[in-house]
S.K.: 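Let me give you the structure first, and then I'll get to my questions.
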Amino acid sequence: MTKGKSFSGAERNASQAVKTVKFYSRGRSDDESLQGEHVEAERLSKHDLKRISNNLLKTRITLPVFKYKDSIMEHLLSNQVTILIGETGSGKSTQLPQFLLEKLTAAHGNKRIAVTQPRRVAAINLATRVAQEYGCRVGDRVGYAVRFDNKTNSKTRLKYLTDGMLLREIMLDRNLSDYTCVIIDEAHERTILTDLILGFLKELIHGLRPDLKVVVMSATLQAEKFSAFFNDAPILFVEGRKYPVQRNYLKEPCDDVVDAIIRCCVQINQGEQLGDILCFMPGQEEIDKAVVVLNKISEHLGTSVPRLIALPLYAALPPSEQAKVFLPLKGFKRKVVFSTNLAETSVTISGVKFVVDSGLRKVKVWRHNLGLATLLTVPISKASASQRTGRAGRENPGKCYRLYREQDYQKLPMQTEPEIARSEITSPVLMLKKIGVQDIVNWSWLENPGKQAILLALQELYQLKALDDQGKITSKGQQMALLPLAPHLSCVLLQARDSGCLLPVIDIVSCLSVENLLLNPLPELRDEINEKRFSIATRGAKFGDLIMMKELYNAYVSLRSSAEKDEWCKDLCVSKRGFRNVVKVRSQLISYMEKLFNEKIDVSETGMDNDSFDVKSVIQCFLAGFMKNSAIGMPDRSFRTSTTGETISVHPSSMLFMDRSCPAILYTEYIFTTKGYARNVSRLELSWLQEIVGMSNVKISAR
DNA sequence: GAGCACTGC
């Protein structure tokens, strides 16, 4: 097997510039592969826990990271901020926090160590594993906190949590006085929330907490950026072990991604030893097409080569379909998984020996000046290409086929643009205001989103009455920041309380904050499923998607058994996992509202009766949060946005797609793909609009 | 008259 190419320049620089601790992991890796290793710790005795811990220790001490413990700890303890670059399999996420736990809690007995993760599963899996290694139950000395699931108690000293969760804690206690050390893991992913935490920690250690220790853990490419941000904090480089992956490029660029990927898979199948193939593609459309084509072709390839089994993988796919990609195949077969970015970080498939990379991804880019989101297919970054390639070398040496030329690869940007640079930032700005930041433009941004973006966010928050005309956070803004919702939806909820229709609005807001609740039916079932949805949501048929969600929710909770619920979900092509989440979100929102206003919400009055709420009041609550998201019907039957007069169309997924009678519409999302689409659409009467918005800034032309 | 990458509280 040919050895893979050497690291890129930036990776080498990072390792040369600093003290290098190299090791080769022989144990299991420190991330997703922990799945399925859980032991029912609750049922085990102290003796059993100790025994398991001792057994695991035998594995842990064979890890060279254990051998370098003293040297790593020396750096960590003598610096306030340390950047730790650790590759996959370096054990950094499980071992380092335990080393620190030993040292720091000896000195600060009642304080905690926080380890943040961008994803819930990672936080839960890591805490579960580390508790075993430590020899305790999860939720005792070692625990975790993610939304809907808090396994910590007063004895917890090592706490794994999602970065969203830590930000909540920051908003409630801006000194983080519970903690002696904060470890930010996977910082290179540059999620908005990770960026905010880093900026916040920088201010905190230079202000009220000069004693707080900070460790930033990241993959190679961004080390210098983090180091420079924290006043040249030392970078520690811990090498993991990856198997070599041979990289192959195209000689000529291809113009049809699906065609090129299929050819490549067939070629691999004919020339290479057994091993599964993982193909990275931009989106669902290309994936579905490739699956159909490859499954058709594989029938005609003969029996001298493995039978190709094509499988799709993307987030909108039902979990039962997603599960198929993890099942090993029996017999003379080769699995070909066509995946979105999902398989780049969130999911690991074992058995993959070959990666085919289209070099493309889909990305949602917010246009501040237009006030809309666009969904674009764009080339990936070098970092992303390297991550995708690495998926072929997790268990054995592998090969990667890049469907672009080497000179095209050289032209790719080094890193993916951080999320905060291409997103709407009303929510981050409100969080900063809540924390007490006055000057948002000059705050310690890891990546400053720009003056225009910030001013537009401030303006938006002012219109939602979260800020006063001095730019100071109002008491309404304080409440909005504490609700686990986008500011617009928080505003809707607060309006609903004032209007006396909190319960139906909470149900709808809960539906809106769960992703992929309504699944896309297969084309041949579409009309049938639509009919079923219309027959259940009789008022939604007239008033649109928000009202439909309330009716679907009512229908869902009126079913008794979970078997009935599952059947119903399947029948209407809605996500059962989604609806289970709706129920959780709903009860969380109710309890948060109770806490905010120190009052008890009487849930009994929410009946199964769809007619027990007033449609006009409910939709007017949404107008309070989405004032600018309204459009007026024109004589030619198109809609024009009331803010800019742009043409906007009702999205085909909406209940109102076929409706020709709406005088005006309200929508919660405005997204540009092939043209401007309104999603989650409600019917508006012109008089409703006038009552709420007033005549001043909306031009209304009657149909 | 037609479509949607991924997270988080």
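So that the names make sense, note that chain A is the first sequence line, chain B the second, and so on, each numbered from 1. Here the structure is a predicted model, which is why all the values come from computation and not from measurement.
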S.K.: Does OP1 or OP2 of dC9(B) have a side-chain N or O of T162(A) closer than 4.0 Å?
M.R.: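 It does, given that an N or O in the side chain of T162(A) lies less than 4.0 Å from OP1 or OP2 of dC9(B).
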
S.K.: Counting side-chain heavy atoms from CB outward, which of dA2(B), dA5(B), dG8(B) is closest to P652(A)?
M.R.: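 Of the candidates, dA2(B) comes closest.
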
S.K.: Check this for me, if you would: do E528(A) and R533(A) make a salt bridge, where the nitrogen-to-carboxylate-oxygen distance has to be below 4.0 angstrom?
M.R.: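 Salt bridge absent between E528(A) and R533(A).
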
S.K.: Got a salt bridge between E417(A) and R361(A), using NZ or NE/NH1/NH2 to carboxylate O under 4.0 Å?
M.R.: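 Salt bridge absent between E417(A) and R361(A).
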
S.K.: What is the distance, to the nearest angstrom, from the CG atom on N581(A) to the C1' atom on dC9(B)?
M.R.: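 Going from N581(A) (CG) to dC9(B) (C1'), I get 13 Å.
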
S.K.: Can you tell me the distance, in whole Å, between the CG atom of L167(A) and the C1' atom of dG8(B)?
M.R.: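 Whole-Å distance recorded here is 9 Å.
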
S.K.: Nearest to the side chain of A315(A), heavy atoms from C-beta on, is which of dC6(B), dA2(B), dG3(B)?
M.R.: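 For A315(A), the side-chain atoms sit closest to dC6(B).
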
S.K.: Atom CZ of F672(A) to atom P of dG3(B): distance rounded to whole Å?
M.R.: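 For the pair F672(A) CZ and dG3(B) P, the rounded distance is 11 Å.
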
S.K.: The side chain of M165(A) is closest to which nucleotide in this list: dG8(B), dC6(B), dC9(B)?
M.R.: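 For M165(A), the side-chain atoms sit closest to dC9(B).
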
S.K.: Given that D163(A) and R361(A) both sit by DNA chain B, which one's nearest nucleotide is further toward the 5' end?
M.R.: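 Nearest nucleotide further toward 5': that of R361(A).
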
S.K.: Rounded to whole Å, how long is the line connecting atom OH of Y144(A) with atom P of dG8(B)?
M.R.: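 The answer, rounded to whole Å, is 14 Å.
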
S.K.: Out of dC6(B), dC9(B), dG3(B), which nucleotide sits closest to the side chain of R526(A)?
M.R.: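 So the side chain of R526(A) is nearest to dG3(B).
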
S.K.: May I have the distance from R119(A) (atom CZ) to dC9(B) (atom P), rounded to whole angstrom?
M.R.: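 In whole Å, dC9(B) P lies 12 Å from R119(A) CZ.
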
S.K.: Please report, rounded to the nearest Å, how far the P atom of dA5(B) is from the CD atom of E189(A).
M.R.: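 The distance from CD of E189(A) to P of dA5(B) comes to 19 Å, rounded to the nearest Å.
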
S.K.: Is K225(A) paired with E447(A) through a side-chain N to carboxylate O contact shorter than 4.0 Å?
M.R.: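 The answer is yes: the pair qualifies as a salt bridge.
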
S.K.: For the side chain of K433(A) and the backbone of P428(A), is there at least one donor-acceptor N/O pair under 3.5 Å apart?
M.R.: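 Here the side-chain-to-backbone pair does not exist.
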
S.K.: Just N and O in the side chain of T674(A): are any of them under 4.0 Å from OP1 or OP2 of dG3(B)?
M.R.: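 Yes, within the criterion.
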
S.K.: When you check the phosphate oxygens OP1 and OP2 of dC6(B), does a side-chain N or O of T345(A) lie under 4.0 Å from one of them?
M.R.: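 No, no such contact exists.
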
S.K.: I want to confirm an ordering. Mapping K364(A) and L193(A) to their closest nucleotides on DNA chain B, which one lands closer to the 5' end?
M.R.: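 Closer to the 5' end of DNA chain B: K364(A).
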
S.K.: Are R422(A) and E419(A) close enough for a salt bridge, meaning some N to O gap below 4.0 Å?
M.R.: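 Between E419(A) and R422(A) there is no salt bridge, as every charged N stays at least 4.0 Å from the carboxylate O atoms.
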
S.K.: Output the rounded distance in Å from CZ (F280(A)) to P (dA5(B)).
M.R.: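 Roughly 15 Å, once rounded to whole Å.
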
S.K.: What does V146(A) touch in the nucleic acid at a heavy-atom separation under 4.0 angstrom: a base, only the sugar-phosphate, or nothing?
M.R.: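 V146(A): backbone/sugar contact only, no base atoms under 4.0 Å.
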
S.K.: With a 4.0 Å limit, can you tell me whether Y314(A) has a side-chain N or O closer than that to the phosphate oxygens OP1/OP2 of dA5(B)?
M.R.: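 Negative; the distance criterion is not met.
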
S.K.: At less than 3.5 Å, do the side-chain atoms of R168(A) and the base atoms of dG8(B) form a donor-acceptor pair?
M.R.: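 Between dG8(B) and R168(A), which were checked side chain against base, a qualifying N/O pair under 3.5 Å is absent.
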
S.K.: Check every strand shown and say whether R190(A) touches a base, only sugar-phosphate, or nothing at a heavy-atom separation below 4.0 Å.
M.R.: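 Nothing, no heavy atom under 4.0 Å.
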
S.K.: Any idea which of dA5(B), dG8(B), dA2(B) is nearest the R422(A) side chain?
M.R.: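 The nucleotide sitting nearest to the side chain is dA5(B).
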
S.K.: Please state whether the phosphate of dG3(B), meaning OP1 or OP2, lies under 4.0 angstrom from any side-chain nitrogen or oxygen of Q284(A).
M.R.: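 False: Q284(A) side-chain N/O out of range (4.0 Å or more) of dG3(B) OP1/OP2.
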
S.K.: The side chain of P484(A) is closest to which nucleotide in this list: dG3(B), dC9(B), dC6(B)?
M.R.: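 Comparing dG3(B), dC9(B), dC6(B) against the side chain of P484(A), the answer is dC9(B).
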
S.K.: With the side chain of Y592(A) defined as its heavy atoms from C-beta on, choose the nearest nucleotide among dG3(B), dG1(B), dC9(B).
M.R.: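 For the Y592(A) side chain, the nearest candidate turns out to be dC9(B).
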
S.K.: Compute whether any side-chain donor of one residue and acceptor of the other, for Q222(A) and R190(A), lie under 3.5 angstrom apart.
M.R.: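 Present: a donor and an acceptor within the cut-off.
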
S.K.: Q117(A) CD to dT7(B) C1': how many Å, rounded?
M.R.: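 Spelled out: CD on Q117(A) to C1' on dT7(B) is 13 Å.
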
S.K.: To the side chain of T340(A), which of dG8(B), dA5(B), dG3(B) is closest?
M.R.: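 So the nucleotide nearest the side chain must be dA5(B).
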
S.K.: Answer yes or no: does a side-chain N or O of K675(A) lie under 4.0 Å from OP1 or OP2 of dG3(B)?
M.R.: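 No, K675(A) has no side-chain N/O under 4.0 Å of OP1/OP2 on dG3(B).
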
S.K.: Cation-pi between R367(A) and F672(A): NZ/CZ under 6.0 Å from ring centre and within 45° of the ring axis?
M.R.: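 The answer is no, since R367(A) fails at least one limit relative to F672(A).
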
